[in-house]
Every structure is written in structure tokens, then in C-alpha cells.
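Numbered from 1 within each chain, the chains take letters A, B, ... in sequence-line order. Only a predicted model underlies this, so the values are computations on that prediction, with no experimental measurement involved.
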Protein chains: 2
Amino acid sequence: MALSNEVAENAEVGRKGILDAAAQLFGRQGYGAVSLRMIAESAGIKAGSIYYHFASKDAIITEILDAGIQAVHDEVRDRLAALDADAPARDVLRAVIHGHLGALLEHGDYTSANVRIFGQVPPAVRDANLPVRRAYENFLDDLLSDLQTQGAIRGDINLPRFRLMLFGALNATLEWFDPQKGDAEGLADDYADMFLNGILNRDGEKI
Amino acid sequence: MALSNEVAENAEVGRKGILDAAAQLFGRQGYGAVSLRMIAESAGIKAGSIYYHFASKDAIITEILDAGIQAVHDEVRDRLAALDADAPARDVLRAVIHGHLGALLEHGDYTSANVRIFGQVPPAVRDANLPVRRAYENFLDDLLSDLQTQGAIRGDINLPRFRLMLFGALNATLEWFDPQKGDAEGLADDYADMFLNGILNRDGEKI
DNA sequence: GTCTATATCTGGATAGAC
DNA sequence: GTCTATCCAGATATAGAC
């Protein structure tokens, strides 16, 4: 009986256990600071065993990076799908911001690992992640383009530049926001308000 | 004659040569990817010689991080000082954005190194950089607070949160903007416009 | 599928000659 | 102030037992 139990326990670690442990460590400590020994210990196995599942450290990173983008893309897509077909532009943009920020701050080590370590990995690994990134960028650019054509977004806004600005601001929240202490949805509300309406007081114009 | 020339050449490398080489490499490749041997080679000396000037790799980083923040702080302060005393809030905020972005993108390896590697260095090094960061943050918070009291910034804007959002968006430009190809001042104009006025079309409200 | 043991390399750091 | 030579710790990765 002991044998079959041990086998079952070992089998549970496996590939996913390594990926989960690695994603958590990379997201918190960065690419260079995390060794295969640390990943192995966190996953409950020995360092050498990792090579049964992955060919290299970079192979692990590559998979984590792709999963991270995909999770954000999926979350944003789902929130948009939940809207009414005739939802106003404000709600569409809010859904994007809430989805992106929610995936980043609340769901998961893969998304935060992606944001944190993408700039630190070797160029070859970065290149491998580009197709998935591009797909998400194109998805958003199409959406924004529609909103601008409809007249909801000002015509003089440079859309790719706005997207880069938005991503920069949203992704940077990882560096200081703690979802345990603060309210991620409230943060998304504040950000959406600033992006959509600006910070200047317009009382003078309205009156 | 040869002797004195050689001494002069060697003396020119020294402390500053090491810092400059290190800042450039760190800013481009990240903390973990840059070794002391690489820094030494780029500075034109051997790795062992670095320890005449610095006690450790972290001592080099610490100095670069402080210089980076200070350069941005100085640039923003100077641009504000160049304004008329009764300059409108729009111009004050524009000066901040132009100064921060200008220091980041055009003047120097130290500022970009700071943004790129701050999240990668050991905690002790990060802590050492905090006082200089805090000083810049407090400087901006005081400025924003004045503008809000005057009624220029909407009363319901959470100022520390706006500052974090602003920094996130501005600092992220390092990841994609190339000042050789694009116009940094034009970029600052676009960003300032989006932050101050928002991206939504307001024609309907005005008419 | 995981273990132990180890090969190989590269990193930061030190000592002493010049 | 810089060089050469070297120590030592820690990294990725491999080989073969179980």
C-alpha cells in the first residue's frame, strides 16, 4: 500500500507543480534571483528532476510567459462578452481596465510573473512570447479603433500610444498595490475615471 | 614621457568610468545579466581593479540608483523654476511630465538604469535608495496638493494614486520608446493631454 | 518520475605584484 | 590605480540508479 501511495503523491507534483512554483517565485523575486534549486524545493522535488519535464530553465519561463498573457486576454474578453451589445463606450473601456487589472492583481502568479520578468529574460525567450502578446495588443487596438470611429474616443487620440500608456500604468500597479490590503475593483474604478475624464477640474467650462 | 601619459590615461577611467559603464549596461540588460567582468571590460580595465573604487557590486548599484532619481528630480525642479509665478495649472503639470519624461528618455543612462533595475536588486540595495525616492515623491505630492487646493485638479482625485499612475505610465515608456526615432517632447505632449483631459469625446456635453 | 552524484561553468570577491 | 592569479559559492545541466 505504501508504494502506490508514494507513487500517487509524486505524480501529483509533476509538470504543473513545477510551473506553479516557478511562476510564484519568478513573479516575486525576478528572473535572475530564482534558481532551479529554489523552484525544485518549492515544488517539493529535487533540482535534477526538473529536467524530466523541461529541457531548460528557459523552457519553463517561456511557458509561464505565454500563460500569463493568455490569462489577461481571456479575462478581458470574458468581461466584454458579459456586456450588453449596446453598452456605452464608458462601460466598454471600464470592462477592459477592470479585466486587465483584475487578472493582474487577483488571479494568479502567471500574469504577474509575465509583467515582472519579461524585461529580464534572454532575447530568445522574449521573442518566443511575442506572438501571444501581439494577439492581445491587436485585439485591444481593434476594439479601441471601433470606439474612436463611433466618436466615443476623441479623434486626435493616438490609439497605439494610448494603449501603451494604459498598459504601463496598469502593469505598474504590481509594484505597489497589495490586493490583500486594498480593493482592486476600487482601484480599477479610480484608474478608469482618470483615463476617461482626465484630472483637471472642468467646473468652469460647464458653468 | 610615456610613463606620465600612461598614468594620465589610467587615471581617466577611474571611478566615474566604472559608474558610467555600469549604468549603461544595467539600463540595457538588467541587474542579473550584467557581471563585474562585463562592466570592467566596457570601462577598459580588469575586473579586479573595480574593488579599488567600490567595495562590492551592490555598492556600484546603490550609487547609480541614487544618481538616477536625483537627475529626474533636478530636471523637473528646473523646468518648474523656469515657469512664470502665475503659470496656469495646465502648464505646471505639463512641466512635470515633460521634465520627468525628458530626463528619462534623453538624459542619461542613470535614470533609465534606475527604472529598469530597481525591482531587480536585493532588498538592502532597494532600501538604501528609498530616501532619495521619497524626497522626489514628497516634492511632487506637495505640488499636486497645492493644485488641488486651488481647484485646478478635481477634488475627488486621489493624489498619491494619481502620482503612482503617472509614474507607472511615464516610466514604462523606457520599454518601447526610442528617442532616436521618435520625438520625446511630442510624446510628453500626448501624455499630458491624455492625463489632463481624458480620452473621451466631450463634444456632446459642450454643445 | 524522482533520486543522487557530479561535470562544467561563471559569478563575486581577495591577495599581492607592479 | 591597475594587473594577474586564484578562491569559493552557486548556477545549469547531465548520467545513471531506483
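- The interatomic distance linking A:K57 (NZ) with C:dT10 (C1') rounds to 13 Å, in whole Å.
- Under 4.0 Å is where a charged nitrogen must lie from a carboxylate oxygen, and between B:R79 and B:E185 at least one such pair does.
- OP1 or OP2 of C:dA13 has at least one side-chain nitrogen or oxygen of B:Y51 nearer than 4.0 Å.
- Spacing between atom CZ of B:F54 and atom C1' of D:dG1 amounts to 13 Å, rounded to whole angstrom units.
- Salt bridge B:K46/B:E41: absent, no basic N to carboxylate O contact under 4.0 Å.
- Following rounding to the nearest Å, B:Y52 (OH) and C:dA15 (P) show an atom-to-atom distance of 17 Å.
- Counting only heavy atoms from C-beta on, B:H53 has its side chain closest to D:dT2 among D:dT2, C:dA13, C:dG1.
- Following rounding to the nearest Å, B:I18 (CD1) and C:dG12 (P) show an atom-to-atom distance of 14 Å.
- Atom CD1 in B:I45 sits roughly 10 Å away from atom C1' in D:dC3 (whole-Å rounding).
- At D:dG10, none of the side-chain N or O atoms of A:R37 fall inside 4.0 Å of OP1 or OP2 (strictly under the cut-off).
- Within the structure, every side-chain polar atom (N or O) of A:S49 is placed at least 4.0 Å from both OP1 and OP2 of C:dG1.
- In this structure, B:K46 reaches the bases: a heavy-atom distance under 4.0 Å links it to at least one base atom across the strands shown.
- Side chain of B:E106 to backbone of B:P179: no donor-acceptor contact under 3.5 angstrom is found.
- What separates CD of B:E41 from P of D:dT4 is a distance of 13 Å, to the nearest Å.
- B:I50 has its CD1 atom 12 Å from the C1' atom of C:dG11, to the nearest Å.
- Residue A:I61 contributes atom CD1, which lies 11 Å from atom P of D:dA13 at whole-angstrom precision.
- Taking a cutoff of 4.0 Å between a charged side-chain nitrogen and a carboxylate oxygen, B:D193 and B:R90 do not qualify as a salt bridge.
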